[in-house]
Amino acid sequence: MSGLWVKLPQFGLFFALGVYGKAVFSAVARHAVLAMPIGLACAVLGIHWQSYQSEHQEWGYPSFLLIAISLPIFLYALCSIATSMAPRLCSPLTAIGRNTVALYVLHFPVLLALIHIGPVHQLLLVVLRHELGRWLWPLVYTVAFTVFALAVKKRLDDSRFAWLLGLPRG
């Protein structure tokens with residue numbers, strides 16, 4: 001039980017925010033582009049202070065309180081920006097979703113080309129030797145392959161071979 005009393009100000013703060021903080025949440029949502037980096041910077045500072053507290057106990061509670069306030073502000077601002085961008089983000093994702101047949105059909109031949117075409121395979125090995133390459137490879141490959149597959153699908157749709165990547169009729 002000892003030490004739990006320090007949570008009372010935090011709980012009181014969040015209770016007050018829940019009851020009286022509509023204006024605060026509205027302000028964060030209206031100024032999300034500004035609130036997001038400030039919240040992130042304060043959360044990182046608080047996390048840094050948490051690691052610093054092992055030598056300086058007086059920073060423990062203020063750093064915890066800083067994280068407890070700034071991290072939700074950051075996340076709320078991030079969600080606010082994401083929901084405002086959702087219609088613009090959904091349009092390309094919907095286009096990709098409508099063309100998944102091309103992605104599924106072309107995935108295996110592209111992987112075979114990466115493995116069996118000498119210069120491409122050698123380049124891939126060079127990229128994967130570096131840690132940054134190993135981290136970025138899945139993202140870069142996914143984006144590049146998706147663009148490639150959609151371009152092939154569009155090219156085939158404009159030709160008499162559209163049936164190759166079309167859905168079965170039924």
Side-chain angles (χ1 to χ4, degrees), residues 1-100 103-104 106-107 110-111 114-115 120-151:
M1 272 309 218
S2 65
L4 289 179
W5 65 269
V6 296
K7 302 284 276 173
L8 290 175
Q10 179 190 0
F11 292 147
L13 173 73
F14 286 113
F15 177 77
L17 280 176
V19 174
Y20 303 108
K22 181 179 179 184
V24 173
F25 291 116
S26 296
V28 169
R30 273 193 317 275
H31 305 290
V33 173
L34 182 62
M36 190 174 67
I38 291 172
L40 179 62
C42 290
V44 168
L45 181 65
I47 291 168
H48 177 70
W49 277 355
Q50 282 287 331
S51 64
Y52 181 74
Q53 88 164 17
S54 62
E55 297 173 13
H56 304 85
Q57 290 296 327
E58 66 272 8
W59 291 108
Y61 185 69
S63 64
F64 176 76
L65 195 58
L66 180 64
I67 295 169
I69 293 170
S70 60
L71 194 56
I73 288 174
F74 165 71
L75 292 173
Y76 187 75
L78 179 67
C79 291
S80 179
I81 290 172
T83 54
S84 69
M85 294 175 58
R88 287 178 284 190
L89 291 174
C90 287
S91 177
L93 294 175
T94 302
I96 291 170
R98 289 188 179 134
N99 294 296
T100 55
L103 295 173
Y104 288 125
L106 293 174
H107 199 269
V110 169
L111 285 176
L114 285 174
I115 294 170
V120 175
H121 183 68
Q122 293 304 319
L123 177 65
L124 179 60
L125 291 177
V126 169
V127 168
L128 294 178
R129 268 190 221 139
H130 305 286
E131 186 169 351
L132 181 61
R134 287 189 298 271
W135 277 94
L136 292 178
W137 170 249
L139 177 66
V140 170
Y141 172 76
T142 301
V143 170
F145 171 73
T146 302
V147 169
F148 170 77
L150 293 177

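Only a predicted model underlies this, so the values are computations on that prediction, with no experimental measurement involved. Hydrogens, waters and symmetry mates are skipped; everything else that's a heavy atom, side chains included, is used.
Taking the side chain to side chain contact (heavy atoms under 4.5 Å, CB included) definition, one finds that S26 meets it with K22, R30, sequence neighbours left out. Taking F148 as the reference, nothing meets the ring pair (Phe, Tyr, Trp, His ring centres under 6.0 Å) condition, with sequence neighbours excluded. In this structure, the side chain to side chain contact (heavy atoms under 4.5 Å, CB included) partners of L125, at least two apart in sequence or on a different chain, are H121, Q122. By the ring pair (Phe, Tyr, Trp, His ring centres under 6.0 Å) test, H31 pairs with no residue at all, sequence neighbours left out.
Between I96 atom CD1 and C90 atom SG the span is 11.5 Å, to the nearest 0.5 Å. With rounding to the nearest 0.5 Å, the separation of OG1 in T142 from NE2 in H107 is 7.0 Å. Distance CD/Q50 to CG/L45: 11.0 Å, rounded to 0.5 Å.
Side chain of T83 to main chain of S80: a donor-acceptor pair is present (N/O by atom type, distance under 3.5 Å, no hydrogens or angles).
Across every non-hydrogen atom of A149 and L103, the tightest pair is CB-CD2, 3.5 Å. Smallest separation of non-hydrogen atoms from T100 and G97: CG2-O, 3.3 Å. When every heavy atom of G46 is checked against every heavy atom of S63, the shortest pair comes out as O-CB, 3.7 Å.
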Check: Step by step, would you call F145 with L111 a side chain to side chain contact (heavy atoms under 4.5 Å, CB included)?
Finding: CA-CA 10 Å; F145 171 73; L111 285 176; over 6 Å; no
Taking only distance into account, with no hydrogens and no angle test, what donor-acceptor pairs under 3.5 Å do side-chain atoms of residues 127-136 form with protein atoms, sequence neighbours excluded?
unit_1: E131; atom_1: OE2; unit_2: W135; atom_2: NE1; d: 3.4
unit_1: R134; atom_1: NH1; unit_2: L128; atom_2: O; d: 2.9
unit_1: R134; atom_1: NH1; unit_2: R129; atom_2: O; d: 3.1

Expected list for residues 64-76: side-chain donor-acceptor pairs under 3.5 angstrom, two or more places apart:
unit_1: S70; atom_1: OG; unit_2: A43; atom_2: N; d: 3.1
unit_1: S70; atom_1: OG; unit_2: L66; atom_2: O; d: 2.6

